[in-house]
> 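Take a look at this one; I'll ask things after.
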Protein chains: 2
Amino acid sequence: MMIVAQNRYRPIRATVTRTAGTRMGQEQIVRAMGVSILRGDYPEGALLPAEGDLMSQFGISRTVLREVLKTLAAKGLVVSKTRVGTKVRAQVDWNMFDSDLLGWRLDLGMDLRFLNSLYEIRLAVEPAASALAALRRSNESLTRMRALIDEFRQPGHTRSTFAEVDLALHLEIAAASGNPFMRSVGAIIEAALMASFVDSSPVTDQGRLAHSTEDHAAIVEAIAAGDAAAAAKAMTQVIEEGRKNRALLLARGSEGKIG
Amino acid sequence: MMIVAQNRYRPIRATVTRTAGTRMGQEQIVRAMGVSILRGDYPEGALLPAEGDLMSQFGISRTVLREVLKTLAAKGLVVSKTRVGTKVRAQVDWNMFDSDLLGWRLDLGMDLRFLNSLYEIRLAVEPAASALAALRRSNESLTRMRALIDEFRQPGHTRSTFAEVDLALHLEIAAASGNPFMRSVGAIIEAALMASFVDSSPVTDQGRLAHSTEDHAAIVEAIAAGDAAAAAKAMTQVIEEGRKNRALLLARGSEGKIG
DNA sequence: GAAGTTATATTATCATACAATATGGCGAAA
DNA sequence: TTTCGCCATATTGTATGATAATATAACTTC
């Protein structure tokens, strides 16, 4: 009697099509499986296909597969047990601050709910970081911030170059807080800025950029003055403004899902 | 001419002594190497010993070693490149919200600076989470919160059982915020509560526990009432109180380092 | 001395075998 | 019939050895 208790789920469909002869690379396999899990292909607590199946599905050796699974396990997505299999852990166990996870999440498309969560956590952490930065920033750090404000003011910014400077300043401030946890939120800031590019709108509204520049300058000057409350307020202002503009862009799209 | 460019650092000393015959287990190896890196045994950008050396130092096969390194890489601690070696990444790249990292950090002993960082990030995130919970909590979630408050009020709590309920309530609130990032801060809350146990002080000051209980009840009632501002304020109060008590305990110790 | 080429050390992947372990089935005893 | 304990088996965990890929360093050529 050969009863095979098939409790497992169906194959993971790789998003990346694999042309014959081309190797996928471990990174891409991790991404494919990570995205699959994030997308909800496997309910919480479900078993992934057995190692043998995954090996043949991706055309990789067991060594590579196991390193992939270890990577996912380290990020809290799955947990493996001898004789049982590899289970998908509950979402609350996933490390949402992991930059890979955030990247995969963006790959799935940007929904309003997720975007909103990004802004909420930024609004909680970044003003606090600014306040601490006002109290603790070194002179070197302040110099770098001011250099970035100068960068902001350079003419001829594209949305891409502008966002680059934007990100750099926010990271600098987070680091100047002296709190390693606040700096670790950098991955989220980056994700939020990345999200500004999923739509192809070529809006480079110079007036808005100039406005944003001065808002950012206000943060830096408050930090320079050691005014924690003002720094927090200015940071809040910047993030709220970003959220508002983002909302406008989204309203133009027909659905809540872009990209 | 046999010149060996020894750019690498010395062996990782495992904190866990390895009695003959006993296997360390992959988990412990990950911990040993992780702690070693967190302790600063390797400067930012330094190369770990080569695979062969690590294998013999820990007495493990290459298979296991590589899975260990993959785990550390997934948490942002290291990065490996062919022909180059495995480099320790900059601290800003480490995922500080990872529960393993937090645990290893506690293993190193609790210094004031780190403890302070924990409270700072909690003060930034948890009040915001409470405010959102006041707006979004489901009835089921509220029921669980109230059950936890009842738990608080049970007599005969040890510091351990009290902390357990404490943690559960904070996690419930974080989850009720509906924001997955705020829930991911749970690892930090847990670490902060863990830190309450590194000193062996048997202080079970019943008055203080009762006080803390009512402070927590205030959060829940604000959430129940849908009063976001009050919920945030009550949460702030709870965390500040915890910080104050913690500071008192620390002041009793001669040094800033415990455990 | 500079640029291109080759050699080599190190990680990346593959293949195979064996060990450890949790699950489910079987059987014995109550 | 139910419960407990033993055992077979499937699945992940570890070990070993070999080959591939690749970045650094040494070397050669101009």
Side-chain angles (χ1 to χ4, degrees), chain A residues 1-9 11-12 14 18 21-33 42 45-74 77-89, chain B residues 1-9 11-12 14 18 21-33 42 45-74 77-89:
Chain A
M1 187 78 113
M2 254 309 254
I3 294 185
V4 182
Q6 264 306 14
N7 222 353
R8 300 182 188 272
Y9 277 70
I12 293 179
R18 189 156 152 262
T22 344
R23 284 277 171 71
M24 266 185 97
Q26 193 172 124
E27 189 93 0
Q28 285 177 48
I29 311 246
V30 171
R31 170 178 290 256
M33 293 188 66
Y42 301 89
L47 286 177
L48 259 52
E51 285 184 345
D53 296 333
L54 290 172
M55 283 166 65
S56 49
Q57 277 165 41
F58 288 104
I60 55 177
S61 72
R62 197 164 164 228
T63 308
V64 172
L65 174 66
R66 286 189 56 80
E67 291 184 4
V68 167
L69 290 177
K70 276 291 168 192
T71 300
L72 296 176
L77 290 183
V78 301
V79 57
S80 301
K81 261 194 215 148
T82 305
R83 164 69 205 183
V84 175
T86 302
K87 255 192 283 196
V88 174
R89 297 179 68 185
Chain B
M1 190 75 117
M2 256 307 255
I3 293 185
V4 182
Q6 265 306 15
N7 222 354
R8 301 181 186 271
Y9 278 69
I12 293 180
R18 188 158 153 261
T22 343
R23 283 277 171 71
M24 267 185 95
Q26 194 174 122
E27 189 94 0
Q28 287 177 49
I29 311 251
V30 171
R31 170 179 290 257
M33 293 188 65
Y42 301 89
L47 285 178
L48 260 53
E51 286 185 344
D53 297 333
L54 290 173
M55 285 166 64
S56 48
Q57 278 165 39
F58 288 103
I60 55 177
S61 71
R62 196 159 166 234
T63 309
V64 172
L65 175 65
R66 285 190 56 81
E67 290 185 4
V68 167
L69 291 177
K70 276 293 169 190
T71 300
L72 296 176
L77 290 183
V78 301
V79 57
S80 300
K81 260 194 217 148
T82 306
R83 162 70 203 182
V84 175
T86 302
K87 256 192 281 196
V88 175
R89 297 179 68 186

> Hey, what are the protein-to-nucleotides 6-9 of chain D N/O distances that come in under 3.5 Å?
from: D/dT9; atom 1: O2; to: A/R83; atom 2: NH1; distance (Å): 3.2

> What are the residues of residues 61-74 of chain B, sorted by number, that bring a heavy atom to within less than 4.0 Å of DNA chain D?
B/S61, B/R62, B/T63, B/V64
> Nearest whole Å is fine: how far is D/dA10 C1' from A/K81 NZ?
16 Å
> How long is the line joining CG of A/L47 and P of C/dA22, in whole Å?
15 Å
> Begin from the C-alpha positions of B/M33 and B/L72 and carry the test side chain to side chain contact (heavy atoms under 4.5 Å, CB included) through to its verdict.
CA-CA 8 Å; B/M33 293 188 65; B/L72 296 176; 3.8 Å; yes
> Please report the distance, rounded to the nearest Å, between CE in A/M55 and C1' in D/dT12.
12 Å
> How many whole angstroms separate atom CD1 of A/I29 from atom C1' of C/dT13?
12 Å
> Distance check, rounded to the nearest 0.5 Å: B/I60 atom CD1 versus B/I29 atom CD1?
4.0 Å
> Who are the side-chain contact (heavy atoms from CB on, under 4.5 Å) partners of A/S61, not counting sequence neighbours?
A/T63, A/V64
> Stepwise, does the side chain to side chain contact (heavy atoms under 4.5 Å, CB included) test hold for B/V88 with B/V79?
CA-CA 7 Å; B/V88 175; B/V79 57; over 6 Å; no
> Within this structure, what is the CD1-to-P distance between B/I60 and D/dT14, rounded to whole angstrom?
9 Å
> Who passes side-chain hydrogen bond (donor to acceptor under 3.5 Å, both in side chains) against A/R66, sequence neighbours left out?
A/E51, B/E67
> Nearest-Å distance, CD (B/E27) to P (D/dT12)?
18 Å
> With the side chain of B/V84 defined as its heavy atoms from C-beta on, choose the nearest nucleotide among D/dT11, D/dA23, C/dT11.
D/dA23
> What is the distance, to the nearest angstrom, from the CG atom on B/L54 to the P atom on C/dT10?
12 Å
> Looking at A/Q26, does any N or O in its side chain come under 4.0 Å of the phosphate oxygens OP1/OP2 on C/dA12?
no
> Please round to the nearest 0.5 Å and tell me the distance separating atom CZ of A/F58 and atom CG of A/L65.
8.5 Å
> Quick one: closest heavy-atom pair of A/S56 and A/D53, and the distance?
OG-O, 2.9 Å
> Find the distance between CZ (A/R62) and CE (A/M55) and round it off to the nearest 0.5 Å.
7.0 Å
> Please round to the nearest 0.5 Å and tell me the distance separating atom CG of A/L54 and atom OG1 of A/T86.
7.5 Å
> Determine to 10° how strongly the helix from C/dG1-D/dC30 to C/dA30-D/dT1 is bent, judged from the axes of its five-pair ends.
0°
